[in-house]
Amino acid sequence: MKRTFAVVVLLAALGTAAKLTLKTAPTSPRLDVRETTAAPAAPSLSEEDALLARYADAPADDRDLVARTLERYRRNAVAVERSDGLRGLKLLDRLDLEALFLYEKHPSEFRALRDLLDDDAAADLLLHWREYFGLKRADDTDRKILIAELEGLTPSQRRLAAKHPSALPLVLAEPEGVAELMASSDDDAALADRLVLLSLVSLDQGAADLRSALRTVEDHPRLSLDAFRRRGMEGFALVSLYGPVLEALGSAVPLDESLILLRVNSAFVDEQLQTHRPETVARRLARVKAAGLVEQAGGGPNGLRLSVEYGALGDRALAKGGADAADVVFDSYTDPVLRKQAAAAIAEHGAMALAMLEKYAADPDFRDVLRTYGSAVIPPIARVDANPETLTALQARDGTTLTEKLAKTALYLTGEDGQSVIRRIKSDGLERVASLSDADLRFHQFLPLYDMVHLGDVLRRGYAPTTGEAAWALLDAGFVVTDVLSLAAIQPGAAVAVETARSELKATVREGAKASLESAARAGARESADASARQAARWWAVRSAGGLYQVLSKTPQALARMTLGQVVEVARPLAARAGVRLSSWAPVTLLKDGAEVVLKIPPQRGLKYVGAQLAQAGVGVVGMHKMEEHLASRRPRPTAE
């Protein structure tokens, strides 16, 4: 019994010891939330603040970029940064709302532009062309082409374009050539003028015309620029056509004069270059300069031909007859013998021969006597040539002076004219009519005064002369008649009296006739649709300005006053011959937010406007116009069905 009780007590003691060993340490009492005050929770950051915080330790430029775009675009900036990082924000900063448009509507194009922005020059280009991207929102084709071509430029090409952002279309059209031109130029003024020059070249059919212009600039860098500065694109085209000739000329002929000579005589120069070296043609131009005949040879398309083909004889004809001599010799006569006789006649008798050769060029009898007797037939024919016309003019006058009455009587009694003398020479020989003394002939030498010559030319070529032109020529002839009468007078004082009358008549009547001619020519150009009347008006305009050479010599002054359209149109034919098509500068219409935007060059602006546009930091109408031309050449062509 005792033993059993002891076992029970022992087991109980062991159980109690086991419980005390396994029992854990007491935990702290849990706080009752209802009996304590809650600690304040940390506020959550906004997306914008979180973005700022993330770049808090970034470089200053990046921090400024983030702050600037966040301030302006808020959640849009956060979204762009989340997907495209800092480059996306940089694109947003450059393109403004146009970047958001691309981000939402054309993400692939957005990413393409984003990837360009490792290059600061590309970022600057996008900034300058931001307005144009806005005009291209709705044009998926052009926008894709532009972005793809921007990607294709090398970093160095983009840097060069960024210095002259308006020249970007030129760089895109011909990257290597234009970039090389820009990189090799160490004169800012020369580069600016060359970019103006290239901007006048059309891009709408591709880069072929631009490449042609670049070749000329590369082959003749100084010469092409000087010619452009003097005579615009026409001067540049002349260098493109005749650069080797001009280089061979050097300083033998001033550039202004050589350009006019080549421009006026281009058809003959082209013929010469087919069989002669440029150095040979240059020597012939230098010979004309040495003879003092630049103005005469540059006054008509055959002036240089007359000097080259007839040598010293041709030079004398040019000196005596001016630019008209070459036109009469080559336009009125095709037979080589007659041409030489005509040149000799002009060389000897000057303006008098010009009038007779021009008036009777189609008369077979005159051609026969000219072939047989040469220049000697000119004075006797000229002595009486104007008699019938002058008699008619004098009879039509209401009041006549004593001199004119004497002239009318003499003309009525003689009844001679040029054709009757020609027939007499042919039938009886020259000696029968060549009876006037040398003193007599001196008074005939100013017979046509050039205006009569050109009236005949106008009539011969089918142009309609005005009443003023006819009267003007008749008055010239009438002055000579009074001089002839003075020679026939027995009294020595008669010559003095007639000379006085002639001077007074020329001082009054001729000015009135000139005014009548000018008025009639202007009226013909203004009121008549007939092409010949307009031609006669143009002829008088050039003639009254001193001739073709004098008109062309004023080109540098005229360029400064011409509109851009006029500058281009004047040079277009010659530029086309040189293989360079010029821009049309017609207004371009684009769309922005559904409204039309017209890119139009102000009508009164000229070359200086293009230069100012290319020099400015932004992109103006000229740059956008050129970009439209360039993109037009890149658009897919419709396929023929």
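When a residue number appears, it is its place in the shown sequence, counting from 1.
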Distance (rounded to the nearest 0.5 Å) between [X] [atom1] and [Y] [atom2]:
{"X": "Leu255", "Y": "Leu249", "atom1": "CG", "atom2": "CG", "answer": "9.5 Å"}
{"X": "Leu203", "Y": "Arg581", "atom1": "CG", "atom2": "CZ", "answer": "9.0 Å"}
{"X": "Leu135", "Y": "Arg137", "atom1": "CG", "atom2": "CZ", "answer": "10.0 Å"}
{"X": "Phe228", "Y": "Leu559", "atom1": "CZ", "atom2": "CG", "answer": "8.5 Å"}
{"X": "Leu318", "Y": "Glu295", "atom1": "CG", "atom2": "CD", "answer": "11.5 Å"}
{"X": "Arg68", "Y": "Leu92", "atom1": "CZ", "atom2": "CG", "answer": "10.5 Å"}

Run Val269 and Leu241 through side chain to side chain contact (heavy atoms under 4.5 Å, CB included) and show every step you take.
CA-CA 10 Å; Val269 173; Leu241 289 167; over 6 Å; no

Side chain [X], main chain [Y], donor-acceptor under 3.5 Å:
{"X": "Trp585", "Y": "Val622", "answer": "no"}
{"X": "Thr69", "Y": "Leu65", "answer": "yes"}
{"X": "Ser212", "Y": "Asp209", "answer": "no"}
{"X": "Gln272", "Y": "Val281", "answer": "no"}
{"X": "His625", "Y": "Pro587", "answer": "no"}
{"X": "Arg194", "Y": "Leu225", "answer": "no"}

Side-chain heavy-atom pair [X], [Y] within 4.5 angstrom cut-off:
{"X": "Leu168", "Y": "Val619", "result": "no"}
{"X": "Ser258", "Y": "Val294", "result": "no"}
{"X": "Tyr73", "Y": "Leu89", "result": "no"}
{"X": "Lys289", "Y": "Leu285", "result": "no"}
{"X": "Leu91", "Y": "Tyr103", "result": "no"}
{"X": "Val78", "Y": "Glu48", "result": "yes"}
{"X": "Arg94", "Y": "Asp124", "result": "yes"}

Atom pairs and distances, side-chain donor-acceptor, residues 106-117, under 3.5 Å, sequence neighbours left out:
| from | atom 1 | to | atom 2 | distance (Å) |
| --- | --- | --- | --- | --- |
| His106 | NE2 | Arg143 | NH2 | 3.0 |
| Glu109 | OE1 | Arg143 | NE | 2.6 |
| Arg114 | NH1 | Asp84 | OD1 | 2.5 |

Donor-acceptor list for residues 596-603 side chains, cut-off 3.5 Å, not counting sequence neighbours:
none

Can you give me every donor-acceptor pair (side chain of residues 145-155, partner residue at least two apart or in another chain, under 3.5 Å) with its distance?
| from | atom 1 | to | atom 2 | distance (Å) |
| --- | --- | --- | --- | --- |
| Glu149 | OE1 | His630 | NE2 | 2.6 |
| Glu149 | OE2 | Arg634 | NE | 2.7 |
| Thr154 | OG1 | Ser156 | OG | 3.1 |
| Thr154 | OG1 | Gln157 | N | 3.2 |
| Thr154 | OG1 | Gln157 | OE1 | 3.4 |

Output all residues satisfying ring-ring contact (aromatic ring centres under 6.0 Å, His included) with Phe268, sequence neighbours left out; order by chain, then residue number.
none

Which atom names give the shortest non-hydrogen contact between [X] and [Y], and what distance separates them?
{"X": "Leu160", "Y": "Ala183", "answer": "CD1-CB, 4.1 Å"}
{"X": "Met233", "Y": "Leu582", "answer": "CE-CD2, 3.7 Å"}
{"X": "Ala162", "Y": "Pro165", "answer": "O-CD, 3.5 Å"}
{"X": "Pro301", "Y": "Asp327", "answer": "CD-OD1, 3.8 Å"}
{"X": "Gly206", "Y": "Ser633", "answer": "N-CB, 3.3 Å"}
{"X": "Gln557", "Y": "Ser553", "answer": "OE1-O, 3.8 Å"}

Between Arg287 and Ser307, does any side-chain donor sit less than 3.5 Å from a side-chain acceptor?
yes

Answer with yes or no whether the side chains of Glu98 and Tyr132 bring together a donor and an acceptor at under 3.5 Å.
no

Show, in sequence, the C-alpha distance, side-chain angles and deciding distance for Asp64 and Tyr55, and conclude whether the side chain to side chain donor-acceptor pair (under 3.5 Å) test is met.
CA-CA 10 Å; Asp64 292 343; Tyr55 288 95; over 6 Å; no

Residues pairing under side chain to side chain donor-acceptor pair (under 3.5 Å) where one sits in residues 222-249, two or more places apart or in two chains, turn out to be Asp193-Arg229, Thr216-Ser240, His220-Glu247, Arg222-Asp226, Arg230-Asp256, Arg231-Thr555, Glu234-Arg263, Tyr242-Asp270, Tyr242-Arg577

Could you list all the side chain to side chain donor-acceptor pair (under 3.5 Å) pairs where at least one residue sits in residues 160-183, not counting sequence neighbours?
Glu174-Arg211

Using the rule given for salt bridge (charged side-chain N to carboxylate O under 4.0 Å, His left out), can you reason through Lys136 versus Glu628, listing the C-alpha separation, both sets of side-chain angles and the distance that settles it, and then say yes or no?
CA-CA 11 Å; Lys136 287 297 178 181; Glu628 282 296 298; 2.8 Å; yes

Among Leu259, Asn302, Leu552, Leu304, which one satisfies side chain to side chain contact (heavy atoms under 4.5 Å, CB included) with Val264?
Leu552

Which of Leu172, Val588, Asp142, Leu170 passes side chain to side chain contact (heavy atoms under 4.5 Å, CB included) with Met627? Answer is Leu172

Indicate yes or no: does Glu629 engage Lys626 in a salt bridge with an N to O separation below 4.0 Å.
yes

Basic-acidic side-chain contact under 4.0 Å: Lys90, Asp120:
yes

Side chain to side chain contact (heavy atoms under 4.5 Å, CB included) between Ser583 and Val568, worked out:
CA-CA 8 Å; Ser583 295; Val568 170; 5.9 Å; no

Carefully, step by step, assess Leu86 and Val66 under the rule side chain to side chain contact (heavy atoms under 4.5 Å, CB included).
CA-CA 8 Å; Leu86 282 176; Val66 172; 3.8 Å; yes

How about [X]: does its [atom1] atom have over 12 heavy atoms from other parts shown lying under 6.0 Å from it?
{"X": "Asp57", "atom1": "CG", "value": "no"}
{"X": "Gln604", "atom1": "CD", "value": "yes"}
{"X": "Arg75", "atom1": "CZ", "value": "no"}

Given Leu564 and Arg605, is the side chain to side chain contact (heavy atoms under 4.5 Å, CB included) satisfied, shown in steps?
CA-CA 6 Å; Leu564 186 57; Arg605 299 291 189 169; 5.8 Å; no

